[in-house]
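The chains referred to below are lettered A, B, ... by the order of the sequence lines, with proteins before strands, and numbering in each begins at 1.
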Amino acid sequence: MNRYRTHHCNELRKSDIGETAMLAGWVHVLRDHGGVIFIDLRDREGLTQVVFRPEENAELTAEAHHLRHEDVIQVEGKVSARVPGTENPKLPTGDIELVPNTLKILNRADVLPFPLDAEAPNEDLRLSYRYFDLRRPQLARNLRVRHRVTKATRDFLDEKGFIEIETPILSKSTPEGARDFLVPSRLTKGKFYALPQAPQQYKQLLMVGGLEKYFQIAKCFRDEDLRSDRQPEFTQIDIEASFVEPDDIFVLVEGLLAAVFRASRGLEIPIPFPRLTYTQAMDEFGSDKPDRRFAMPLTDLADVFRESSFKMFRGALDAGGAVKAINAKGFAELTIGQSDELTAMAKQYGAKGLAFIKVENGEWKSPIVKFFSEAEKQALRSKLLVEEGDLILFAADKWEVVCEVLGRLRSRIAEMQKLTAGSEQLDFLWVTDFPLMAFSAEENKWNAVHHPFTRPKDEDIAKFEAQKFGEVRAEAYDVVLNGVELGGGSIRIHEPELQAKIFAALGVSEEDQQTLFGHILRAFRLGAPPHGGIAFGLDRIVMLICGEETIREVMAFPKNNRGIDLMSLSPSAVDARQLRELGIKLAIEKESG
RNA sequence: GGAGUCUUAGCUCAAUUGGUUAGAGCGCCGCCCUGUCACGGCGGAGGUUGCGGGUUCGAGCCCCGUAGACUCCGCCA
């Protein structure tokens, strides 16, 4: 028998009355009546009431007077029926109570930094005392959900023949992608490992290694600024398989997510997921991860304004651009502040201004409506289903700008109108056929939209060869839930010649190809199978399942907005000797203190 | 790097138009209390209103600066 307890705190029932039991846990609530003392003893499973009665054990009761919140104690005694009429129906253990013969204080608790049973305090305080905050039921529940999700993932993928393989954390820096975290090498002074941004190359090399079906619950590291859904270290569900087409991945992932939602929420999600191409998603929703729980579609107005005398719209169309609008139903009475914010957003994303129509008292209030012909007004009315109380927002510019601007406005207006508040709907979809490359005006070069190992669609290879890089679509796909990108992947390149051409198009010199990617190019010359895969943000999935606003709420020990662990106070200065051993000299002044 | 919101007791918050001694609940300390389950009652301690400066007869409140937290943009193949 265990020396601390015979039962957990959500175990004893009526049928145990008369038995002897030993419990251990935290003093959750104290109700000291001067004579009799009640304690709700808590462990991770629940609560059991412990009663100290002076007439039965005066000495022990006297000791119990000194107990404080969150002391860790052990009690041993008799499971008793509660006095009739005092049962607590709110507790599963509410019919019984433990009357102890012994009380052992295993650890005293100081005055608490914040109460556990009240509203959560400032997050920096919570993070400073994370080990304490973890006792809150919500965080404990979230971590259990997270476990359910990873367990369901492992079980499902194992069932499908996938093998979990660990890949190195001490890895190699590459110029593409996010900023690397660097780790200095002591044995090779002056050189550095990089922590992996993702196990991308390793998993492809495992395919070359003939493992065929790989997965990993993989820690990844990116040295970029943080967000509510971004931490410097995070976890991916990483998957790769050989001899697969996109459809194989789609079916696998739909099964996986179904298993995950079944295991964590008891929900049957509808599969297969609908699919949209990137172009469709941008055209209809102005986003490559559209939230379709509300409509507000981007409505194309090219044929309405093709011959318009309104120069702003006509000009955009004549220049080969687009004119589109969204109808924010019932949002005509938005506040000045909201209106200003939307205008600022439109400008931020490249619009020259924000044209609008407010429909109030049967009237179209708008600075531009006077330029419209009767026919144009009629067309707008029918295309946009204009009704009393609506707010119509227009954008006229290049197609990309129009979609981006209206897409952002659509999302923000949905937030303002609380269109998805309290929604239980789970809107999964695939977004496919992403562009392979995007031109960066800043760097004056083409960059990979997904990553440089992504395969162009076979039917677009000719366009790639013709250097029409902007028109080449990739065999790449994202899975989106309620406007959040859960994961993305692609079919990869497995031919060394094609891979080298892609590197060249991305501006990676022959020399850099050899020094940075030589191993993968060589691997592709030794019998590389066609392969592809996908990776999911585990933290984001668990966040959505738990209904949390940030991934910090589903991580045991997250960092704050500036990447600082407030509990351990890392990152921290290191000893001069440690630096010497690594051959490193700091170029910045050491902070005093 | 940029924008926004916030910062008052250990915690969550309040404080009228700029007005006298900055309050409440919870927590903490002490006393009382034998069937509670958010136990209850009485009493008490606890504040450089983030920090620095300014305006004013007078600043928690107005202005400037600064630090920190969070959210967003940039960034995140």
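Side-chain N/O atoms of N561(A) include none lying less than 4.0 angstrom from OP1 or OP2 on rA69(B). Phosphate contact (OP1/OP2 of rC37(B), side-chain N/O of N88(A), threshold under 4.0 Å): absent. For rG35(B), the OP1/OP2 oxygens have no side-chain nitrogen or oxygen of R82(A) closer than 4.0 Å. Neither OP1 nor OP2 of rC37(B) sits under 4.0 Å from any side-chain N or O of R42(A). The side chain of R408(A) places an N or O atom within less than 4.0 Å of a non-bridging phosphate oxygen (OP1 or OP2) of rC73(B). In this structure, R562(A) reaches the rA69(B) phosphate: one of its side-chain N or O atoms is under 4.0 Å from OP1 or OP2.
Nearest to the side-chain atoms of Q49(A) among the listed nucleotides rC76(B), rU36(B), rC73(B) stands rU36(B). You'll find that the side chain of R68(A) is closest to rC29(B), out of rU36(B), rU34(B), rC29(B).
The distance between atom NE2 of H65(A) and atom P of rC32(B), rounded to the nearest whole Å, is 10 Å. Atom CG in L566(A) sits roughly 12 Å away from atom C1' in rC70(B) (whole-Å rounding). The separation between D565(A) atom CG and rA69(B) atom P is 13 Å, rounded to whole Å. Going from atom CZ of F38(A) over to atom P of rC33(B) covers 16 Å, rounded to whole Å. Note: CD (E123(A)) to P (rU12(B)) measures 12 Å, nearest angstrom.
A heavy-atom distance below 4.0 Å to RNA chain B is reached by these residues of residues 546-558 of chain A, ordered by number: T550(A), R552(A). Using a 4.0 Å cut-off on heavy atoms, none of the residues of residues 501-517 of chain A approach RNA chain B. Of the residues in residues 477-488 of chain A, not one comes within less than 4.0 Å of RNA chain B through any heavy atom.
Between Q200(A) and Q204(A), the side chains place a donor N or O and an acceptor N or O closer than 3.5 Å (distance only, hydrogens not considered). With no hydrogens or angles considered, a side-chain donor-acceptor pair links E548(A) and N142(A) at under 3.5 Å.
With sequence neighbours left out, H451(A) forms a ring pair (Phe, Tyr, Trp, His ring centres under 6.0 Å) with F453(A). When the side chain to side chain contact (heavy atoms under 4.5 Å, CB included) test is applied to N10(A), the partners found at least two apart in sequence or on another chain are H8(A), R13(A), E45(A), P92(A), T93(A). Among residues two or more places apart in sequence or in another chain, the ring pair (Phe, Tyr, Trp, His ring centres under 6.0 Å) test is passed with F439(A) by W446(A). Evaluation of the ring pair (Phe, Tyr, Trp, His ring centres under 6.0 Å) rule for F464(A) yields F469(A) as partners, not counting sequence neighbours. For the ring pair (Phe, Tyr, Trp, His ring centres under 6.0 Å) test, residues two or more places apart in sequence or in another chain that qualify with Y278(A) are F434(A).
Within the model, atoms OG1 of T277(A) and CZ of R473(A) stand 8.5 Å from one another, a figure rounded to the nearest 0.5 Å. To the nearest 0.5 Å, the span separating CZ on R126(A) from CG on D133(A) amounts to 4.0 Å. Taken to the nearest 0.5 Å, the CG atom of L127(A) stands 8.0 Å off from the CG atom of D565(A). Residue C546(A) holds its SG atom at 8.5 Å from CD of Q138(A), rounded to the nearest 0.5 Å.
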Pairs: protein N or O with nucleotides 3-11 of chain B N or O, under 3.5 Å:
residue, atom, partner, partner atom, Å
rG10(B), O2', P113(A), O, 2.9

Show each protein N/O and nucleotides 39-43 of chain B N/O combination with a separation under 3.5 Å, one pair to a line.
residue, atom, partner, partner atom, Å
rC39(B), OP2, R31(A), NH1, 3.1
rC39(B), N4, D32(A), O, 2.6

For nucleotides 46-50 of chain B, list the nitrogen or oxygen atoms of the protein found under 3.5 Å from its nitrogen or oxygen atoms, one pair per line.
none

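Residue F192(A) places its CZ atom among more than 12 non-hydrogen atoms of other residues, nucleotides or ligands, all under 6.0 Å distant. Other residues, nucleotides and ligands contribute only 12 or fewer heavy atoms inside 6.0 Å of the NZ atom of K398(A). In K78(A), the NZ atom is not crowded: 12 or fewer heavy atoms of neighbouring residues, nucleotides or ligands sit closer than 6.0 Å. With a 6.0 Å radius and a threshold of 12 heavy atoms from other residues, nucleotides or ligands, E55(A) has its CD atom above the threshold.
A gap of 13 Å separates the P atoms of rG23(B) and rU16(B), to the nearest Å. Rounded to a whole angstrom, the distance from the P atom of rA67(B) to that of rG10(B) is 25 Å. Nucleotides rG25(B) and rG35(B), compared at atom P, are 26 Å apart to the nearest Å. Of the C1' atoms belonging to rC11(B) and rA38(B), the separation is 16 Å, rounded to the nearest Å. Comparing the same atom, P, in rC62(B) and in rC75(B) gives a spacing of 36 Å after rounding to whole Å. rC61(B) sits 11 Å from rU8(B) when the C1' atoms are compared, rounded to a whole Å. Annotation: rC73(B) and rG46(B) have their C1' atoms spaced 43 Å apart (nearest Å). Taking atom P on both rC26(B) and rC70(B), the two are 30 Å apart, rounded to the nearest angstrom.
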List the steps and the verdict of side-chain contact (heavy atoms from CB on, under 4.5 Å) for K219(A) and T235(A).
CA-CA 5 Å; K219(A) 264 294 177 85; T235(A) 306; 3.7 Å; yes
Decide yes or no on salt bridge (Lys or Arg N to Asp or Glu O under 4.0 Å) for E233(A) and K559(A), but give the supporting numbers first.
CA-CA 9 Å; E233(A) 57 180 301; K559(A) 292 171 178 61; 3.1 Å; yes
Please evaluate residues E553(A) and R141(A) with respect to the criterion salt bridge (Lys or Arg N to Asp or Glu O under 4.0 Å), reporting the C-alpha separation (whole Å), side-chain torsions for both, the decisive distance (0.1 Å), and the verdict.
CA-CA 10 Å; E553(A) 296 294 318; R141(A) 183 209 64 176; over 6 Å; no
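Two residues, D229(A) and Q197(A), neighbour RNA chain B, and the one matched to the more 5' nucleotide by heavy-atom proximity is D229(A). Across the interface with RNA chain B, nearest-nucleotide mapping of D124(A) and V36(A) shows V36(A) to be the residue nearer the 5′ end.
F52(A) comes within 4.0 angstrom of no nucleic acid atom, judged by non-hydrogen atoms across all strands. Among the heavy atoms of the strands lying under 4.0 Å from T86(A) is at least one base atom, whether or not backbone atoms are also near. Among the protein residues, R227(A) comes within range of the nucleic acid bases, having at least one heavy atom under 4.0 Å from a base atom.
In this structure, D43(A) contributes its side chain and C9(A) its backbone to a donor-acceptor pair below 3.5 Å.
Between P199(A) and C220(A), some side-chain heavy-atom pair lies under the 4.5 Å cut-off.
The ring-ring contact (aromatic ring centres under 6.0 Å, His included) pairs that include a residue from residues 40-73 of chain A number zero, where partners must be two or more places apart or lie in different chains.
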